[in-house]
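Below is one structure, written out as structure tokens; the observations come after it.
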Amino acid sequence: MIVFDGVSFNSVAPVKVEDIRVSPISYSPMVRARPIRFGSDFVRMGGGERTVAITFALPVMNNVLRNEYLNNIRRWAKSDKEYVLELPTDPNNCLTCVCTAKPEPSTRQWWESKLRLTFTCYSNPYWTSKAQKSVSCGTSFTVLGDAPPLMQIKRTVSGSSVSNQSYSNSVQTMTFITIPVGDMVIDLNNQTAAVGNNSIMQYYQPSGSFIIPKTGTQTITGTGTVYYKERFE
């Protein structure tokens, strides 16, 4: 079953899905040209978007009723922002995308089977685990997958603010001069920290470095809980 933002495709119209094609992530290699010798020097690999194309039929002979169903499909395939897309081929993981192309139906061939919806993953092109895992800071844990996980550190500070709090994975260390009272969230992927809706990046010590989310066995020291979702290419 295809589900977008919690709503199944089949619930909005009596569609017959013909095919689902998930593209690989587009690669953007960075290279440095050689001034004299032939060829270039490879520097690193970057990545771009991935697309999901859904082709389907809407076998409804009544033109008016068929148009109503098509309107339901257009509303279902939202284009205002990225939402979670779940596909039947991978029940444990999902994609985050926005609809970037909607079907161009024929007004005569109600039997056509090549209607197409295209979704594009921009901010997170990886397959992302639906299940969020957690572990207390200071405990060794293993992150599966072949892409950096989505990772946050959360902590609730009560009573009074705390001072000089550090988090480290033995390679990078983050230190905050002060953490105010409230629910703290450190987003390691976006390198932000907030208590409630208020940023606390003004308390971050610039002499340190943000922890970079990675796969494999690791330990993050400090006070709080590490939450993460594994990702796969």
Side-chain angles (χ1 to χ4, degrees), residues 1 3 6 20 22-30 42-50 52 82-97 121-158 162 164-176 179 182-195 199-201 203-233:
M1 185 162 52
V3 178
I20 303 172
V22 181
S23 78
I25 297 173
S26 60
Y27 289 119
S28 303
M30 180 177 291
F42 175 78
V43 179
R44 63 175 177 269
M45 182 63 72
E49 302 86 24
R50 105 183 309 149
V52 179
E82 292 179 289
Y83 296 93
V84 172
L85 177 66
E86 302 172 57
L87 300 177
T89 53
D90 196 338
N92 298 319
N93 301 297
C94 61
L95 294 169
T96 303
C97 50
C121 306
Y122 290 108
S123 61
N124 177 17
Y126 299 109
W127 287 96
T128 303
S129 173
K130 296 178 184 178
Q132 180 173 254
K133 299 180 180 180
S134 63
V135 62
S136 297
C137 289
T139 303
S140 176
F141 62 101
T142 301
V143 179
L144 304 178
D146 53 11
L150 296 178
M151 188 174 289
Q152 296 180 334
I153 299 174
K154 296 183 180 182
R155 174 184 180 182
T156 298
V157 177
S158 57
V162 293
N164 298 319
Q165 300 295 297
S166 294
Y167 296 89
S168 177
N169 64 355
S170 76
V171 177
Q172 296 100 20
T173 300
M174 310 177 302
T175 300
F176 294 87
I179 298 179
D183 295 325
M184 179 201 72
V185 178
I186 301 174
D187 188 329
L188 300 183
N189 299 87
N190 294 315
Q191 297 192 356
T192 60
V195 171
S199 173
I200 60 169
M201 288 303 294
Y203 302 122
Y204 173 70
Q205 286 279 53
S207 58
S209 57
F210 247 77
I211 294 173
I212 299 175
K214 62 181 181 179
T215 58
T217 301
Q218 57 199 284
T219 301
I220 296 178
T221 58
T223 302
T225 304
V226 179
Y227 294 86
Y228 63 97
K229 287 187 176 183
E230 295 159 333
R231 296 196 293 181
F232 307 84
E233 189 171 326

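Only heavy atoms go into these numbers, but all of them, side chains included; no hydrogens, no water, no symmetry mates.
Here salt bridge (Lys or Arg N to Asp or Glu O under 4.0 Å) pairs that include residues 211-226, with residues two or more places apart or in two chains, number zero.
For the atom pair CG of Asn169 and CD1 of Ile220, the computed distance is 6.0 Å after rounding to the nearest 0.5 Å. Note that CD of Glu49 and OG of Ser28 are 8.0 Å apart. Values are rounded to the nearest 0.5 Å. If you take CG on Asn93 and NZ on Lys130, they are separated by 8.0 Å, rounding to the nearest 0.5 Å. Rounding to the nearest 0.5 angstrom, the gap separating the CG atom in Asn190 from the CE atom in Met151 is 13.5 Å. We find the OH-OG1 distance between Tyr83 and Thr96 to be 12.0 Å, quoted to the nearest 0.5 Å. Between Asp146 atom CG and Tyr126 atom OH the span is 8.5 Å, to the nearest 0.5 Å.
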- Criterion side-chain contact (heavy atoms from CB on, under 4.5 Å) on Tyr203 and Gln165, from CA distance to verdict: CA-CA 10 Å; Tyr203 302 122; Gln165 300 295 297; over 6 Å; no

- Message: Please determine whether side-chain contact (heavy atoms from CB on, under 4.5 Å) holds for the pair Ser140 and Thr217, giving the CA-CA distance in whole Å, both sets of side-chain angles, and the decisive distance to 0.1 Å.
- Response: CA-CA 7 Å; Ser140 176; Thr217 301; 3.5 Å; yes

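Between Cys97 and Leu85, the shortest heavy-atom contact is SG-CB, 3.5 Å. Nearest heavy-atom pair across Ser166 and Thr173 is CB-CG2, 4.4 Å.
A distance-only check finds no donor-acceptor pair linking the side chain of Glu86 to the backbone of Val84 [under 3.5 Å]. With Thr221 contributing its side chain and Ser168 its backbone, the two residues share a donor-acceptor pair below 3.5 Å. Between the side chain of Asn164 and the backbone N or O of Thr175, no donor-acceptor pair lies under 3.5 Å.
In this structure, the side chains of Leu188 and Phe210 come closer than 4.5 Å at one or more pairs of heavy atoms. The shortest distance between side-chain heavy atoms of Ser170 and Thr219 does not fall below 4.5 Å. Between Leu95 and Val52, the closest side-chain pair of non-hydrogen atoms falls below 4.5 Å. For the pair Pro88 and Ile20, the minimum side-chain heavy-atom distance is below 4.5 Å. You'll find the side chain of Arg155 stays beyond 4.5 Å of the side chain of Ile153, heavy atoms only. The closest side-chain heavy-atom distance from Tyr204 to Ile186 is not below 4.5 Å.
Shown here is Met201, whose CE atom has more than 12 heavy atoms of other residues, nucleotides or ligands within 6.0 Å.
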I'd like a table of donor-acceptor pairs (distance under 3.5 Å, sequence neighbours excluded) in which one partner is a side-chain atom from residues 223-233, with atom names and distances.
from, atom 1, to, atom 2, distance (Å)
Glu230, OE1, Lys133, NZ, 3.2
Glu230, OE2, Lys133, NZ, 3.2
Glu230, OE2, Leu144, N, 2.9
Arg231, NE, Pro148, O, 2.6
Arg231, NH1, Asn124, OD1, 2.8
Arg231, NH2, Pro148, O, 2.9
Glu233, OE2, Tyr27, OH, 2.2

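Relative orientation of the Tyr167 and Phe176 rings is perpendicular, given thresholds of 30° and 60° on the angle between their planes.
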